[in-house]
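Only one structure is covered here, and it is reproduced in the block below.
Every heavy atom of this structure was used, including side-chain atoms; hydrogens, water molecules and symmetry mates were not.
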Amino acid sequence: MSTELNRNVSKMQTTYVEQQEYAEIASARKRKLVLRRLSVFFVFASLLTYLMISSYISQTTKLESTLEQKQKLNRQLADIKKQQTILKEDIVKLNDDDYIAKLARKEYFFSKKGEIIFNIPDESKEN
């Protein structure tokens, strides 16, 4: 019985009812507009966040590789400095005539006048 009553009920066509309907329509439009704006904002915010994170990761990777390269070059520099020190010592030694004479006798089997050189094989080289 109550369903029959609902079917026979009609809307009142007053200015207040029309204003309320327009207000509801305007409110629905505003909600749609706000939802669209928020969705666009979140898309741009997500894109910006992605770009910032990817940039951070790439910068971190570059920094790590640069630090590894720096450590490698520092080790090479230390080796070269050691070699330079040894070569400077050799230069000082080569300016000494006694050292040159000992070196010539040892490496090239030169001898002084009246000196006899005996070549004795090293036991450590034979084993």
For this session: Enter the distance from L47:CG to F42:CZ here, rounded to the nearest 0.5 Å.
Result: 14.5 Å

Exercise. Are side-chain heavy atoms of T60 and Y56 found at a separation under 4.5 Å?
Worked result: yes

Exercise. Between S55 and L51, is there a donor-acceptor pair closer than 3.5 Å when you use the side chain of the first and the backbone of the second?
Worked result: no

Exercise. Heavy-atom distance under 4.5 Å between the side chains of N95 and I91, does that happen here?
Worked result: yes

Problem set entry | Sub-4.5 Å side-chain heavy-atom contact between R37 and L33 | yes

For this session: Check whether any side-chain heavy atom of Q76 lies under 4.5 Å from a side-chain heavy atom of L73, and answer yes or no.
Result: yes

Exercise. With hydrophobic residues grouped by side-chain heavy-atom distances under 4.5 Å, do F41 and V34 end up in a single group?
Worked result: yes

Problem set entry | Distance (rounded to the nearest 0.5 Å) between S65 OG and K70 NZ | 13.5 Å

For this session: Measure the spacing between NZ of K102 and CG of D96 and express it to the nearest 0.5 Å.
Result: 8.5 Å

Exercise. Between L63 and L67, is any pair of side-chain heavy atoms under 4.5 Å apart?
Worked result: yes

For this session: Look up atom CD1 in I86 and atom NZ in K82, then write down how far apart they are to the nearest 0.5 Å.
Result: 8.5 Å

Exercise. Counting N and O atoms only, with roles assigned by atom type, does the side chain of S27 sit under 3.5 Å from a partner on the main chain of A23, one being a donor and the other an acceptor?
Worked result: no

Seminar exercise, completed: Distance col, row L38:CG vs R31:CZ, nearest 0.5 angstrom, shows 13.5 Å

Problem set entry | 4.5 Å side-chain heavy-atom contact, R29 and I25 | yes

Seminar exercise, completed: CG of D90 to OH of Y99, rounded to nearest 0.5 Å, is 6.0 Å

For this session: Before giving the answer on side chain to side chain contact (heavy atoms under 4.5 Å, CB included), spell out for T85 and E89 the whole-Å C-alpha distance, their side-chain angles and the decisive distance to 0.1 Å.
Result: CA-CA 6 Å; T85 304; E89 290 173 359; 4.0 Å; yes

For this session: Taking all non-hydrogen atoms of both residues into account, name the closest pair between L94 and L103 and its distance.
Result: CD2-CD2, 4.4 Å

